[in-house]
Amino acid sequence: MTLTDIPTSSSGARGPAAPYDELIEAQRVHGSLYTSPAIFADELEQIWYRTWVYVGHVSEIAEPNDYVRKNIGPQDVIMTRSADGEVHLLLNRCAHRGNLVCEADAGNSSSFRCPYHGWTYRNTGDMLGYPFHGGYGGRGKLDLGLGRVPRVGIYQGFVFGSFAPDGPTLEEHLGEAKGEIDRLVRLSPEGEVEITAGFLKHKARANWKLLAENETDGYHPQFVHASIFSVAQSGIGALYGEKSTAVTRALGNGHSENDLRPEFRRIGAPLGWFGTTEEKVPEYSAAMRARYGDAAEEILIEGAPHVMIFPNLFIAEIQMFTIQPLAANLTVQHVTAVQFKGAPEMNKRMLQQCIGSVGPAGMLLADDTEMYERNQAGVAELRPEWLDVRRGVHREEIDERGLTVGGATDETGMRGFWKHYKHLMTEGRAQ
Amino acid sequence: MTAAATAIPTDAEPTQLDVRDVEQFLYREARFADEHRYDDWEALWTQDGLYWVPANDDDADRMAKMSIIHDNRSRIATRIRQFQTGRRHSQVPHSRLRRVVSNVEILGNAENGDLEVGANFVLVESRERSNELWAGRYTYRLRVVDGAIAMSYKKVALVDNARAIATLSFLI
């Protein structure tokens, strides 16, 4: 099977590529899930070309006719804002011969013109015209346009797309993860985040699930990141220590978080989560206290979320990652600094801290990615076949929201990921 | 001379260096980086050093846009100390590296009088994961400190800095 064989909607469903019920157990998962090209193709169909996938942020197309090239897995998606302000997700493919209609990474245009034979399209995807129209019997004779991602959903400015024409709404999909996005945007004195710093694109020769699982793995930081924690006198390591009061929470629908608030509340310092103080960012602090009043203290103490939203959006406090799977053993991480609207003092600091941490040379992410790549090599070994995900299973609890909660270093998030994955690949398959 | 040469502060003599001396400095810097001689490499920096690898646009606003590396002198030191822990996993074991530096060209003086030098490079990295071919343009700013050439600025404009690239945890 090649990628071009894969239907881009749930209508072309085929049988499971593997016996997922046997490969995914409560406390272990099979290595072939990370290496099999057939399973990867099945995931594209059942997950990436069906469920809600994060695409981009409205601030990237702030003005009418702005556009930016994004992706849903291997699909090249143009996110546009038409003159009426609506957001569209269009596939970068001319309806004539399949050429790319958009070469630029971003820009401002009301239309796209295919360079091959000059067919043109509005930024809504509708066809505008084609040259030498006599060859088609005149103008307006072709009922063609750019392909569309059929459903577009926006939550707090975060734009998601779903290739399935129907199914759960975006809000149903986000579920308990909505509150984490809310927690991020309220750190802006204007209640909005902006994605304006551009992205680093970091290649990992590894399966996308190794990345998704790692995002809320609180067990690895003390080992993978010991080098930078020790030289930078970072307090991050302690948040993921054995004595940490932070928790790992499965949020449902495959989403998970490291909830660090218990530690930040215990420390009780506004902006302690960011390693700074209100005195160092006086304008930001004043703006936050003006907007939120008495609630500002708690907001500034609790800080930003550390949440993995299934299958591809990871918000790690001040940085935002999207995961783009390209093959069973190839994934691109797109990463940028979160910027808060109306907070230039904070934004400068967040950008520079983010640059130090993430991307190909990042003092954190270079080492995470080294682990992903070694992990991909390791899971191809024949024995012992399984990856163990049992850590903390004996000490999990159900919280007041009915969600499963484990310790700071427990694999609760991974188990939540696999539960949802298994559902989508088995009884929840597209019919 | 570039137009920038006219803006030198009156108390700073613009740096003048023979191109052969400049080349010797660049080759030494490249060799220290290729051989992971971290202390020797760090000693080439001035106290106000800036090590910059832009992303997406060679002339991006480095205070507003993501960079692949944007290290002031303090962060250069942190990066070096991280290597020296022996637990910087993406460089344990080290990448095997060799680079060729060429097209060395004296461009003029920067506003502060430092000598600005351009060069192209091609670098092969070998790791268990893969071999990677890296290429781009270096821009250095050099001055003489205590009788020796030192660099206050090294910018690395990778040819593929707008694309997805592999982990780049060595000194580029």
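The figures here come from the full heavy-atom set of this structure, side chains too, leaving out hydrogens, waters and symmetry mates. A, B, ... follow the sequence lines: proteins, then strands. Residue 1 opens every chain.
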Distance, nearest 0.5 Å, that separates CD of Q352(A) from NE2 of H70(B): 5.0 Å

Min side-chain heavy-atom separation D367(A)-Q82(B) under 4.5 Å: yes

Which residues share a salt bridge (Lys or Arg N to Asp or Glu O under 4.0 Å) with D160(B), sequence neighbours left out: none

Options C354(A), G356(A), A232(A), A204(A), ranked by heavy-atom pairs under 4.5 Å with chain B, top entry: G356(A)

Chain A contact via A64(B) - side chain, backbone, both or neither, heavy atoms under 4.5 Å: backbone

More than 12 heavy atoms of other groups within 6.0 Å of R96(B) CZ: no

Gap separating the CG atom of L351(A) from the OG atom of S67(B), nearest 0.5 angstrom: 7.5 Å

When E128(B), R163(B), Q84(B), Q91(B) are compared by non-hydrogen pairs under 4.5 Å with chain A, the top option: R163(B)

Those residues of residues 369-379 of chain A, ordered by number, that approach chain B below 4.5 Å (heavy atom to heavy atom): T369(A), E370(A), M371(A), E373(A), R374(A)

Choice from Q333(A), R205(A), K348(A) maximising heavy atom contacts with chain B below 4.5 Å: R205(A)

Beyond-backbone contact of I355(A) with M66(B), side-chain heavy atoms, under 4.5 angstrom: yes

Residues 19-26 of chain B side chain polar contacts: donor-acceptor under 3.5 Å, at least two apart:
| unit_1 | atom_1 | unit_2 | atom_2 | d |
| --- | --- | --- | --- | --- |
| R20(B) | NE | E23(B) | OE1 | 3.4 |

Side-chain donor or acceptor of R81(B) paired with backbone N/O of V231(A) under 3.5 Å: yes

Non-hydrogen atoms of Q353(A) and R75(B) that approach each other most closely: CA-NH2, 3.9 Å

Within-4.5 Å side-chain heavy-atom neighbours: K201(A) and N56(B): yes

Heavy-atom contacts under 4.5 Å, residues 207-226 of chain A to chain B: F223(A), V224(A), A226(A)

CD1-NZ distance between I165(B) and K203(A), expressed to the nearest 0.5 angstrom: 9.0 Å

Side chain proximity check, T85(B) to I228(A), heavy atoms < 4.5 angstrom: no

Other residues, nucleotides, ligands: >12 heavy atoms within 6.0 Å of R31(B) CZ: yes

Interface moiety of S230(A) toward chain B, non-hydrogen atoms closer than 4.5 Å: side chain

Distance in Å, K65(B) NZ paired with L200(A) CG, rounded so as to fall on 0.5 Å steps: 12.0 Å

Interface moiety of R62(B) toward chain A, non-hydrogen atoms closer than 4.5 Å: backbone

